[in-house]
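Notes for the one structure printed next.
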Amino acid sequence: MIDLNVLRENTDQVKKSLKNRGYELDVDFFHQLEQQRKDIQIKTQEIQQERNNLSKQIGILKAKGDDTEKIMQQVASISARTKDYEIQLQEVQQKLNNFLLNIPNLPHNSVPVGSNEKSNLLLKKIGDIPKFNFDVKDHVDLGNTLGLDFETATKISGSRFVFMKHDIARLHRAIGQFMIDTHVEKHNYIECYTPFLVNSESLLGTGQLPKFGHDLFLTKKTDNENLYLIPTSEVSLTNSVRDEILEEDSLPIRLTALTPCFRSEAGSYGRDTRGMIRQHQFDKVEMVQITKPEHSYKALDEMLSHAENILQALELPYQVVTLSSGDMGFAAAKTYDIEVWIPSQNQYREISSISNCEDFQARRLKSRYKNADGKNILVHTLNGSGLAVGRALVAIMENNQNAHGEVIIPKVLSKYMNGNKIITKAK
RNA sequence: GGAGAGCUGGCCGAGUGGUCGAAGGCACUUCCCUGCUAAGGAAGCAUACGGGUUUAAACCUGUAUCGAGGGUUCGAAUCCCUCGCUCUCCGCCA
């Protein structure tokens, strides 16, 4: 949620900034709502004050044993009107709130302006693209004999799922283990295990709701209550500080978790339908940091390096881009994407997305810390994949394949694979 | 699933219809005192959103908030209803 005061005072600037990311701010509607709110709020508060004062007098008179009949009648008529105003106020405040909840974050001024991914800024390319003296297979063909089973997954669940067996299943697990171990042991994150089902308040807090409910899986808890499957553990990790006033010296908080993520992919029919690039369920190691405002951009760069360390350890070629204003997610003020080389597609594909949300989520979450002056300051929240496990598996399989359709296990994963160095055909 | 108890400010905790946004304590901040490793004294100390005012901070003032939502009432932390959560006992269970 953007700052209401900023929106009031710099409306034109905000509108311009939002236009860069493809959001058209309805200024007239906003002013109209604000005016309404103001009028109703002032009237409501006036009448509440009157009622409260008179009611208080009744108490005083009664204590003295005086007659209160007349004044009680007077208040009764006021009370009836109060109710109407209170309802009106509630309605207009809800409208205003809804308006605010649907506005995306403002891009940081270092973000390249552009309407889509074509304007993303290439920061660096690391690692050499492998050359093969045979026809490369994609991970689906390789996986056929190694244990990636899409047909069984389709039978039991439908499209966009995978059933893994044998050493591929183990490699998949090894990748996740290695990533989270690295973040805990080398990057100073706290390992977390979180719920995969969360309430709507949590999704509102991180910004998936109210706008992007169509991408979420919804489950029924009771007749009155629903729970959502997390689309990323950013939701459960970041919401751990919802409604909290944190100690200043507890910051920064660094959290990481390896969890499945669930996405309905409602808007992407026909895209990446082959293989496991885009699934309804995939594992991801997530990094989350909660920082003081003045430290968040330093933390963003740190988190980028944390994710890069994983790719370098896995010896996968990748590039880093800064997303343009039009390509960023709803809550982000600045985002780096890391894209890993996928030989069969002859291109780099996103494997990590690292964002600074500044105070956009914190405002929704009411996550603050108390500073030395005793003031409550909204924290900054950051999140990043470190990394997507499924896509890492794809990248490893394809980049490390040999002419026999086997996959060389990255050195750092060997210890998670019972010391093995290669994955050969499953029996 | 059954029975019972509870949910109050950063924390603990008093408060069962009327100057209660809420005693007291802890923690914290500032000041005072004491020649000493700690004790005593004074004051301040919830959040959100309005209005006034100011260069601004501060300040003044109003409204709302005592798990959430609804109801009764002139008036609700206090009474009633629904829901959520926590705890204890029983049952079931990985």
Side-chain angles (χ1 to χ4, degrees), chain A residues 1-10 30-101 193 195-205 219-228 236 239-251 253 290 359 361-379:
Chain A
M1 193 150 69
I2 69 169
D3 188 340
L4 184 56
N5 285 319
V6 169
L7 181 57
R8 278 179 189 142
E9 284 156 29
N10 309 302
F30 171 63
H31 285 321
Q32 195 188 317
L33 271 182
E34 268 284 273
Q35 194 56 50
Q36 266 182 43
R37 191 221 88 238
K38 210 165 170 173
D39 293 346
I40 296 171
Q41 183 164 355
I42 289 171
K43 275 188 193 154
T44 305
Q45 293 190 355
E46 275 172 5
I47 200 167
Q48 281 170 331
Q49 184 180 4
E50 201 181 342
R51 181 201 60 193
N52 290 348
N53 283 338
L54 288 172
S55 290
K56 204 170 258 181
Q57 278 182 38
I58 292 173
I60 295 168
L61 289 177
K62 277 208 163 170
K64 282 195 268 180
D66 290 352
D67 179 50
T68 55
E69 196 53 42
K70 226 173 97 185
I71 195 165
M72 273 168 73
Q73 277 176 17
Q74 197 185 343
V75 185
S77 72
I78 293 173
S79 277
R81 277 192 296 147
T82 311
K83 198 100 214 154
D84 290 342
Y85 277 113
E86 283 172 353
I87 290 167
Q88 276 186 52
L89 182 62
Q90 213 177 340
E91 279 171 2
V92 73
Q93 274 175 338
Q94 199 158 21
K95 269 190 211 166
L96 190 62
N97 197 243
N98 219 43
F99 179 73
L100 289 173
L101 284 175
Y193 172 85
F196 306 155
L197 289 161
V198 296
N199 55 32
S200 57
E201 287 83 356
S202 294
L203 289 153
L204 208 63
T219 66
K220 207 176 187 70
K221 186 185 176 194
T222 64
D223 285 344
N224 310 313
E225 205 185 349
N226 296 323
L227 287 173
Y228 294 84
S236 34
N239 270 278
S240 65
V241 295
R242 171 153 58 88
D243 294 319
E244 298 287 336
I245 296 171
L246 303 161
E247 296 289 334
E248 182 168 16
D249 54 18
S250 72
L251 301 176
I253 298 172
I290 314 294
D359 62 12
Q361 291 179 327
R363 188 168 291 106
R364 294 166 166 243
L365 294 162
K366 297 185 184 68
S367 298
R368 294 154 297 177
Y369 77 95
K370 206 174 262 302
N371 72 5
D373 299 330
K375 281 203 150 192
N376 293 336
I377 311 287
L378 289 169
V379 295

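Numbered from 1 within each chain, the chains take letters A, B, ... in sequence-line order. Source: prediction; values computed, not measured.
Note: CE (A:Met72) to P (B:G17) measures 17 Å, nearest angstrom. Atom CG of A:Asp39 and atom P of B:U63 are 19 Å apart (whole Å). Note: CG (A:Asp243) to P (B:G9) measures 13 Å, nearest angstrom. Atom CG of A:Asn199 and atom P of B:C85 are 10 Å apart (whole Å). Between A:Gln45 atom CD and B:U65 atom P the separation is 12 Å, expressed in whole Å. Between the C1' atom of B:C49 and the CD atom of A:Gln48 lies a distance of 12 Å, rounded to the nearest Å. For A:Asn53 and B:C74, the CG to P distance is 18 Å, given to the nearest whole Å. Whole-Å rounding puts the A:Ile42 CD1 to B:G51 P distance at 6 Å.
Relative to the side chain of A:Arg368, the nucleotides B:A48, B:G18, B:C49 differ in distance, and B:A48 lies closest. Side-chain proximity of A:Gln49 to the nucleotides B:U19, B:G62, B:G18 is greatest for B:G62. For A:Asn376, the side-chain atoms get nearest to B:U47 when compared with the rest of B:U47, B:G18, B:G50. When each of B:A64, B:G50, B:G51 is scored by its nearest atom to the side-chain atoms of A:Asn52, the top-ranked nucleotide is B:A64. Of the candidate nucleotides B:C74, B:G10, B:G62, B:C74 has the atom nearest to the side chain of A:Ser55.
Contact check of residues 73-100 of chain A against RNA chain B (heavy atom, cut-off under 4.0 Å) returns A:Val75, A:Ala76, A:Ser79.
Taking atom C1' on both nucleotides, B:G69 is separated from B:A76 by 15 Å, rounded to a whole Å. Here, B:G51 and B:U34 have their C1' atoms 48 Å apart, quoted to the whole Å. Rounded to the nearest Å, the gap between the C1' atom of B:C31 and that of B:G50 is 34 Å. Here, B:G24 and B:C45 have their P atoms 12 Å apart, quoted to the whole Å. Separation of the P atoms belonging to B:G52 and B:G25 is 39 Å when rounded to the nearest angstrom. Comparing B:U54 with B:A48, their C1' atoms sit 22 Å apart, to the nearest whole Å. B:G71 and B:G91 have their C1' atoms separated by 36 Å, with the value rounded to a whole Å. B:A3 sits 16 Å from B:C81 when the P atoms are compared, rounded to a whole Å.
Nucleotide B:A38 forms no Watson-Crick or G-U wobble pair with any nucleotide shown, as no partner meets the under 3.5 Å limit on both distances. The nucleotide B:C85 finds its pairing partner in B:G6, both defining distances of the Watson-Crick or G-U wobble pair being shorter than 3.5 Å. If you check B:A14 for Watson-Crick or wobble pairing at under 3.5 angstrom, you find it has no partner at all. The nucleotide B:U29 finds its pairing partner in B:A43, both defining distances of the Watson-Crick or G-U wobble pair being shorter than 3.5 Å. As the counterpart of B:A94, no nucleotide is assigned, since no Watson-Crick or G-U wobble pattern has both distances under 3.5 Å. Searching all strands for a Watson-Crick or G-U wobble partner of B:A48 with both distances below 3.5 Å returns B:U63. The partner of B:U78, taking Watson-Crick or G-U wobble pairs whose two distances both stay under 3.5 Å, does not exist in any strand shown. As the counterpart of B:U73, no nucleotide is assigned, since no Watson-Crick or G-U wobble pattern has both distances under 3.5 Å.
Taking the side chain as every heavy atom from C-beta outward, A:Asp359 and A:Val379 never approach each other to under 4.5 Å. Side-chain atoms of A:Ile253 and A:Leu246, non-hydrogen and from C-beta on, do get closer than 4.5 Å to each other. Contact of the A:Asn199 side chain with the A:Tyr228 side chain is not registered, since no non-hydrogen atoms from C-beta on lie closer than 4.5 Å.
With 3.5 Å as the limit, one finds a donor-acceptor pair spanning the side chains of A:Gln35 and A:Asp39. Between the side chains of A:Ser202 and A:Arg242, at least one donor N or O lies within less than 3.5 Å of an accepting N or O. Judged by distance alone, the side chains of A:Asn226 and A:Lys220 never bring a donor and an acceptor atom under 3.5 Å apart.
Taking 4.0 Å as the cut-off between side-chain N and carboxylate O, A:Arg51 and A:Glu86 count as a salt-bridged pair.
The side-chain contact (heavy atoms from CB on, under 4.5 Å) test with A:Met72 is passed by exactly one of A:Leu61, A:Ile58, A:Asp67: A:Ile58.
Within 6.0 Å of atom OH in A:Tyr85, 12 or fewer heavy atoms from other residues, nucleotides or ligands are found, so the atom counts as exposed in its surroundings.
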inquiry  = Using the rule given for salt bridge (charged side-chain N to carboxylate O under 4.0 Å, His left out), can you reason through A:Arg37 versus A:Glu34, listing the C-alpha separation, both sets of side-chain angles and the distance that settles it, and then say yes or no?
reply    = CA-CA 5 Å; A:Arg37 191 221 88 238; A:Glu34 268 284 273; 2.7 Å; yes
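Here A:Arg51 reaches the OP1 or OP2 of B:A64: one of its side-chain N or O atoms lies under 4.0 Å away.
Projected onto RNA chain B by closest heavy-atom contact, A:Ile60 and A:Gln41 fall at different nucleotides, the more 5' of which corresponds to A:Ile60.
Judged by atom type and distance alone, A:Lys56 does not reach the base of B:G18 through any side-chain donor-acceptor pair under 3.5 Å.
The residue A:Lys38 sits close only to the backbone: its heavy atoms come under 4.0 Å of sugar-phosphate atoms, none of a base.
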